[in-house]
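Data first, discussion second: the structure below is written as structure tokens.
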Amino acid sequence: MAQKPSVPKGTRDFSPEEVAKRNYIIQTIKHQFGLFGFQPIETPSFENSSTLMGKYGEEGDRLIFKILNSGDFLKKVDEKVLQHKDSQGITSQISEKALRYDLTVPFARYVVQHQNEIDFPFKRYQIQPVWRADRPQKGRFREFYQCDADVVGSASLWQEIDFVQLYDAVFSDLKLNGVIIKMNNRKILSGFAEVMGAKDKLIDFTVALDKLDKIGEEKVKTEMLSKGISEASISKMQPLFELTGTNQEKLEKLGGLLSGSEEGTQGVKELQFIFNAIESIGLKSSKLDIDVTLARGLNYYTGAIFEVAAPEGVAMGSIGGGGRYDDLTGIFGLKGISGVGISFGLDRIYLVLEELGLFPESVNKGIKALFINFGEKEALYATKAIKQLRENGISAALYPDASKMKKQLNYANKSEVSFTVLVGEQEMNNNKYTLKNMISGEQESVDYSTMESILKS
RNA sequence: GUGGUUGUAGCUCAGUUGGUUAGAGCGCUGGUUUGUGGUACCAGAAGUCGCGGGUUCGAAUCCCGUCUUCCACCCCA
């Protein structure tokens with residue numbers, strides 16, 4: 001055999017079974033998005049580079065797939081840049097388009113571009129692939145789907161409360177119980193920096209704090225010191241490392257710790273409001289937790305921060321995340337529009353459901369009835385019955401060749417067909433169909449209408 | 001982007017200190033069974049040992065490069 005072809009690194013083919021399972025997840029998410037009042041939009045798979053570049057930080061720029069210009073693009077490149085082998089300089093001259101890196105920034109672009117046609121608050125959802133030039137790992141791909149729901153044009157905290165319920169509703173529908181919805185607030189993180197007297201170190205501080213459950217208290221402190229945060233500042237934050245108890249107790253401790261910061265206090269108040277409401281409304285199967293170490297890499301969150309962890313015992317990075325960004329559209333020139341949104345990580349949810357065996361068996365059913373092919377005359381007769389069955393909403397097909405029965409039945413077995421139908425000369429003469437149940441092996445000779453009603457049930 | 005790991009039949013994997021013709025299980029094809037599958041038995045097909053180079057009388061095996069897989073870091077869904 002010739003050299004086997006393959007797909008590019010970090011991409012995958014999906015078999016019929018996999019597509020069925022993915023569709024099951026997508027349908028569940030879409031259904032709840034609809035119930036919560038979100039409407040779908042779609043945006044192009046690639047955008048102008050200027051729309052994407054610089055929106056995800058330095059790291060993000062590196063991970064954006066750039067699309068080469070058409071034509072003899074090298075001719076137009078500045079001779080000096082070419083000589084110096086300056087990759088960055090050349091990139092901007094030979095590539096003007098780039099693949100979508102996430103759904104949030106294109107959405108912000110969409111809102112700004114269509115601001116006059118949109119009625120605010122605007123609730124949209126979007127389920128499309130995104131691309132990142134990352135190194136693949138388990139649950140990390142270079143092409144993957146995001147399922148986002150966002151609201152723009154409302155600063156109300158009731159949106160956050162709705163999103164917590166949306167997460168709970170989707171994961172309950174998927175029978176994925178025990179999911180942990182973690183919440184934090186950017187204002188609380190800012191408050192920490194303020195109380196510490198290290199406002200300029202906010203990013204370094206939060207990035208280090210984010211690693212707490214992974215590398216432990218000592219290493220987090222070491223990293224903070226190495227970033228130039230003073231020993232005194234860190235010791236002021238000591239209570240953070242001992243933040244335990246119920247959510248209510250955590251909120252009280254945070255309130256005390258941040259009493260000197262107006263912004264921090266505001267953040268605690270917001271969380272308090274959301275938690276009170278959820279406490280009163282109740283969640284079906286998920287758990288809501290305060291996690292002040294939650295920072296997430298994205299620079300644009302200004303209020304609530306969400307992250308969803310798989311149930312305990314499943315080793316998987318976050319299966320969803322989101323937050324509030326007061327000024328996302330500001331980068332495209334539309335100021336003062338607040339947005340908040342969440343995302344579901346389809347590929348990772350898939351891996352978790354697979355690991356826990358939570359896909360319903362029904363997602364992967366074959367056709368209802370396969371007609372065995374006995375030859376030309378019989379096939380024509382069978383095809384007429386098949387036509388009628390299809391018109392009545394029953395999936396049915398004829399085995400295309402008059403192969404041996406063994407082979408035809410084997411095929412039916414493997415494609416998980418529920419029934420096979422045998423129509424030979426005998427049946428044709430008596431106007432009957434021999435219907436064989438492929439699970440029990442039982443078979444009976446019936447007329448058309450009996451067959452139809454059996455297949456319908 | 002940094003460090004490590006992996007690649008042998010369609011799939012999962014053996015393969016001795018480098019030594020004739022590279023194996024197994026599952027799957028596939030055919031038969032035992034000309035209108036009865038899932039079980040059993042028998043037979044058969046199928047491999048550029050990821051790719052390229054090197055060392056050697058001789059390389060799946062050793063060395064270098066490259067691609068791929070997975071893992072850690074970075075970052076992230």
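Lettering of chains follows the sequences in order, A, B, ..., and the numbering in each one begins at 1.
- A/E17 has its CD atom 17 Å from the P atom of B/C11, to the nearest Å.
- Stacking between A/F144 and B/A77 is shown: the ring centroid lies under 5.5 Å from the centre of the six-membered base ring, and the planes differ by under 30°.
- The side chain of A/K211 contributes no N or O atom lying less than 4.0 Å from OP1 or OP2 of B/C73.
- Within 4.0 Å of A/I439, counting heavy atoms only, lies at least one base atom of the nucleic acid.
- Taking atom P in both B/U2 and B/U66, one finds a spacing of 11 Å when rounded to whole Å.
- Going from the C1' atom of B/G53 to that of B/C67 covers 15 Å, rounded to whole Å.
- For the C1' atom pair drawn from B/U34 and B/G10, the interatomic distance equals 31 Å after rounding to whole Å.
- In the model, A/T434 has a side-chain atom that pairs as donor or acceptor with a side-chain atom of A/E427 under 3.5 Å.
- Partner A/F344 forms a ring-ring contact (aromatic ring centres under 6.0 Å, His included) with one of A/Y125, A/F163, A/F171 and no other, that one being A/F171.
- One cannot find a donor-acceptor pair under 3.5 Å joining the base of B/C71 and the side-chain atoms of A/R135.
- Separating the CG atom of A/N437 from the P atom of B/U36 is a distance of 18 Å, rounded to the nearest angstrom.
- A gap of 15 Å separates the C1' atoms of B/U68 and B/G4, to the nearest Å.
- Rounded to a whole Å, the CD atom of A/E59 is 11 Å from the P atom of B/G1.
- For A/Q408 against B/U36, no side-chain N or O and base N or O form a donor-acceptor pair under 3.5 Å.
- Nucleic acid contact for A/F141: base, since at least one base atom lies under 4.0 Å from a heavy atom of the residue.
- Within the structure, ring-ring contact (aromatic ring centres under 6.0 Å, His included) contacts touching residues 126-155 of chain A (residues at least two apart or in different chains) do not occur.
- For A/K406 against B/U36, no side-chain N or O and base N or O form a donor-acceptor pair under 3.5 Å.
- Within the 4.0 angstrom heavy-atom criterion, no nucleotide atom of any strand lies near A/G322.
- An OP1 or OP2 oxygen of B/A72 is reached within less than 4.0 angstrom by a side-chain nitrogen or oxygen of A/Q137.
- Comparing A/S403 and A/K407 by the nucleotide of RNA chain B whose heavy atom lies nearest to each, the residue mapping closer to the 5' end is A/K407.
- Nucleotide B/U2 holds its C1' atom 14 Å from the CG atom of A/L63, rounded to whole Å.
- Residue A/G320 is in sugar-phosphate contact alone, with no base atom involved, counting any heavy-atom pair closer than 4.0 Å across all strands shown.
- Ring orientation note: the planes of A/Y56 and A/Y101 are tilted relative to one another, at an angle of 30° to 60°.
- Taking a pair to require two hydrogen-bonding distances under 3.5 Å in either a Watson-Crick or a G-U wobble arrangement, B/G58 remains unpaired.
- Rounded to whole Å, the distance from CG on A/D134 to P on B/U69 is 13 Å.
- Between A/Y110 and A/H114, the two ring planes are tilted [angle within 30° to 60°].
- The base of B/G35 sits within donor-acceptor range of the side chain of A/E427, with an N or O pair under 3.5 Å.
- Note on ring orientation: taking the six-membered ring where Trp is involved, the planes of A/F205 and A/F192 are perpendicular (angle over 60°, cut-offs 30° and 60°).
- Residue A/I319 is in sugar-phosphate contact alone, with no base atom involved, counting any heavy-atom pair closer than 4.0 Å across all strands shown.
- Atom CZ of A/F306 and atom P of B/A77 are 14 Å apart (whole Å).
- Interface remark: the A/N413 side chain does form a donor-acceptor pair with the B/G37 base, using a distance-only criterion of under 3.5 Å.
- Between B/A45 and B/A9, the two C1' atoms lie 11 Å apart (nearest whole Å).
- Distance check on atom C1': B/G15 versus B/A60 gives 8 Å, rounded to whole Å.
- Look at B/C41: its Watson-Crick or wobble partner, with both distances under 3.5 angstrom, is B/G31.
- For the pair A/K404 and B/G31, the criterion of a side-chain N or O lying under 4.0 Å from OP1 or OP2 is met.
- Counting any heavy atom pair closer than 4.0 Å across all strands shown, A/S343 reaches no nucleic acid atom.
- Taking the P atoms as reference points, B/U21 lies 28 Å from B/C64, given to the whole Å.
- Pair check for B/G65 finds B/C51; Watson-Crick or G-U wobble, both atom distances under 3.5 Å.
- In this structure, A/E42 places its CD atom where only 12 or fewer heavy-atom neighbours from other residues, nucleotides or ligands lie under 6.0 Å away.
- Going from atom OH of A/Y56 over to atom P of B/C74 covers 22 Å, rounded to whole Å.
- The backbone N or O of A/S92 lies less than 3.5 Å from no partner atom in the side chain of A/S95, so there is not a single donor-acceptor pair.
- A/E442 comes within contact range of no nucleotide atom at all, as no heavy-atom separation falls under 4.0 Å.
- Computed from coordinates, the A/R140 CZ to B/G1 C1' distance equals 12 Å when rounded to whole Å.
- A gap of 14 Å separates the C1' atoms of B/G27 and B/C13, to the nearest Å.
- Both A/S318 and A/I215 lie close to RNA chain B; mapped to their nearest nucleotides by heavy-atom distance, the more 5′-ward contact belongs to A/I215.
- Judged by Watson-Crick or G-U wobble contacts below 3.5 Å, the nucleotide B/C26 has B/G10 as its partner.
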